Amino acid sequence: MEFGRNAHRENPQSGGAKINCPAASKRYSFRSRLPQMNVQELIDTARTLVAGNKGLLAMDESNPTCNKRFAPLGIPQTEESRRAYRELIVTTPGLGEWISGVILYDETIRQQKKDGTSFVKAITNAGIIPGIKVDTGAKDMAGHLGEKITEGLDGLRDRLAEYSQMGARFAKWRAVIAVGDGIPSRGCIEANAQALARYAALCQEAGLVPVVEPEVLMDGEHSLDLCYEVTEEVLRTVFNQLYTQRVTLEGLILKPNMVLPGLTCPKQAAADEVADATVQCLLRAVPAAVPGIAFLSGGQSGELASARLNAMNVRFKSRLPWALAFSFARAIQQPALEIWLGEEANVLAAQQALWHRAKCNWAARRGEYNAAMEGTGATYVP
Ligand code: 13P
């Protein structure tokens, strides 16, 4: 019995010679029809993004989010400030030793260094792969009080073609799932999962690796167990939808939350407990075909995020089908931002802090991060 192209050709109804399974004629294939060459490119890029114990640096804050981070530090909330801050990041010497890819925002991918070099060129010259955030934000979901649906599918095919032309090789979409009284709802999980899968299919069609980010938020009093349950449900739904939309799993990166108790849960968890719960949850819900899992930090401190990623790799690394990597924004950038404060004179010290956090996370992927790497033990040798 044959499925796919041959079964269709041999269907007696359509003039073919022989077939044993009439149902096969109605089903062409459940697989993506991307040309094999393009699929291989996606797989190679996805693997490169998680190779060498490196990870992703998310610097794709939308303008409102970037301004929100600047405001409490008294940094002017202007396009030039945002540009200067991103120049600081992409010109950090030696960053490419720890970082495989950076995620840009629509404003940022069009910006240049002061000397006129485009950010995309500066990033590529540093041996880092440029990526781009392509969702247009999480909006209140109709009929679902307290829940959000991520938008951005309209016109996405054209935007992806433009970003690809500008040099982006991967793209991110973030869905947010809140945990609270009676939420998340099935409707919210399914709508977000379907949007993630449709975006991922469009990315692969455009030759960009999708970084699929379903984030179960840390806000709230919920327990570690409830976060586990919700994360498993969300991931199972997302992978069902990815399959339905014919997304090639080997050519994507999953960017999930770690399994954590809510920020105001009275019972917080040790790094080992977080590591056990997170890896067990992922093993139940994430197919082995996925090459890499790169966690978001979600508001954890840089040190906690490194310690938890380290614990996962110490305890499980040699036994897992996928790489456990990082794709942090705040957990890499925040100390650097607090040093920079918008002042040219602080750029070098801020770059040192950024380099240091990136290196700590590289070490955490190797299971070699420890507290002695922080504070006075920190050395900057780009
Ligand atoms: P955080 O690491 O600050 O959670 O950001 C990751 C990210 O890219 C959110 O979309």
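Residues: numbered from 1 along the sequence shown. These numbers come from a predicted model, not from an experiment. In what follows, every heavy atom counts, from backbone to side chain, and hydrogens, waters and symmetry copies are set aside.
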Problem - In one Ile/Leu/Val/Met/Phe/Trp/Tyr side-chain cluster, 4.5 Å: Ile183, Leu145 - result: no
Exercise for the section: Could you grab the distance from atom NZ of Lys172 to atom CG of Leu296, nearest 0.5 Å is fine? Expected result: 8.5 Å
Practice task
Test Ser297 against every option in Gln333, Met258, Arg330, Gln334 by the side-chain contact (heavy atoms from CB on, under 4.5 Å) rule and name the one that passes.
Solution key: Arg330
Handout entry: Nearest-0.5 Å distance, CD of residue Gln280 to CG of residue Leu282
Key = 10.5 Å
Exercise for the section: Find out if a path of hydrophobic residues (ILVMFWY) with successive side-chain heavy-atom gaps under 4.5 Å connects Leu309 to Met218. Expected result: yes
Practice task
Determine the interplanar angle of the Trp362 and Trp98 rings, folded into 0 to 90°, and report it as parallel if under 30°, tilted if 30 to 60°, perpendicular if over 60°.
Solution key: tilted
Problem - Verdict with supporting geometry, Tyr199 and Gln245, side-chain hydrogen bond (donor to acceptor under 3.5 Å, both in side chains) - result: CA-CA 10 Å; Tyr199 124 88; Gln245 297 302 327; over 6 Å; no
Exercise for the section: Walk me through it: do Glu215 and Lys148 pass the test salt bridge (Lys or Arg N to Asp or Glu O under 4.0 Å)? Expected result: CA-CA 11 Å; Glu215 174 175 5; Lys148 305 265 187 200; over 6 Å; no
Exercise for the section: Could you tell me whether the side chain of Asn346 and the main chain of Ile339 form a donor-acceptor pair under 3.5 Å? Expected result: yes
Problem - salt bridge (Lys or Arg N to Asp or Glu O under 4.0 Å) between Arg357 and Glu374, intermediate numbers included - result: CA-CA 9 Å; Arg357 285 256 57 84; Glu374 306 291 355; 2.8 Å; yes
Fill in the blank from the handout: Separation between OG (Ser81) and CG (Asn67), nearest 0.5 Å, reads 8.5 Å
Handout entry: Cluster check Leu304, Val279: I/L/V/M/F/W/Y, side chain < 4.5 angstrom
Key = no
Handout entry: Steps toward side-chain hydrogen bond (donor to acceptor under 3.5 Å, both in side chains) verdict (Asp115, Thr117)
Key = CA-CA 6 Å; Asp115 69 7; Thr117 315; 2.6 Å; yes
Handout entry: Joint cluster assignment, Val234 & Val176, ILVMFWY side-chain distance < 4.5 Å
Key = no
Exercise for the section: Let me know which of Gln204, Glu205, Arg33 forms a side-chain contact (heavy atoms from CB on, under 4.5 Å) with Arg246. Expected result: Arg33
Exercise for the section: Could you check Gln300 against Arg308 for side-chain hydrogen bond (donor to acceptor under 3.5 Å, both in side chains), going step by step and ending with a plain yes or no? Expected result: CA-CA 10 Å; Gln300 304 173 65; Arg308 288 163 170 168; 2.9 Å; yes
Handout entry: Carboxylate-amine/guanidinium contact Arg159 Glu162, below 4.0 Å
Key = no
Practice task
Decide salt bridge (Lys or Arg N to Asp or Glu O under 4.0 Å) for Glu61 and Lys133; before the verdict, give the C-alpha distance in whole Å, the side-chain angles of both, and the deciding distance to 0.1 Å.
Solution key: CA-CA 9 Å; Glu61 298 84 3; Lys133 180 234 288 292; over 6 Å; no
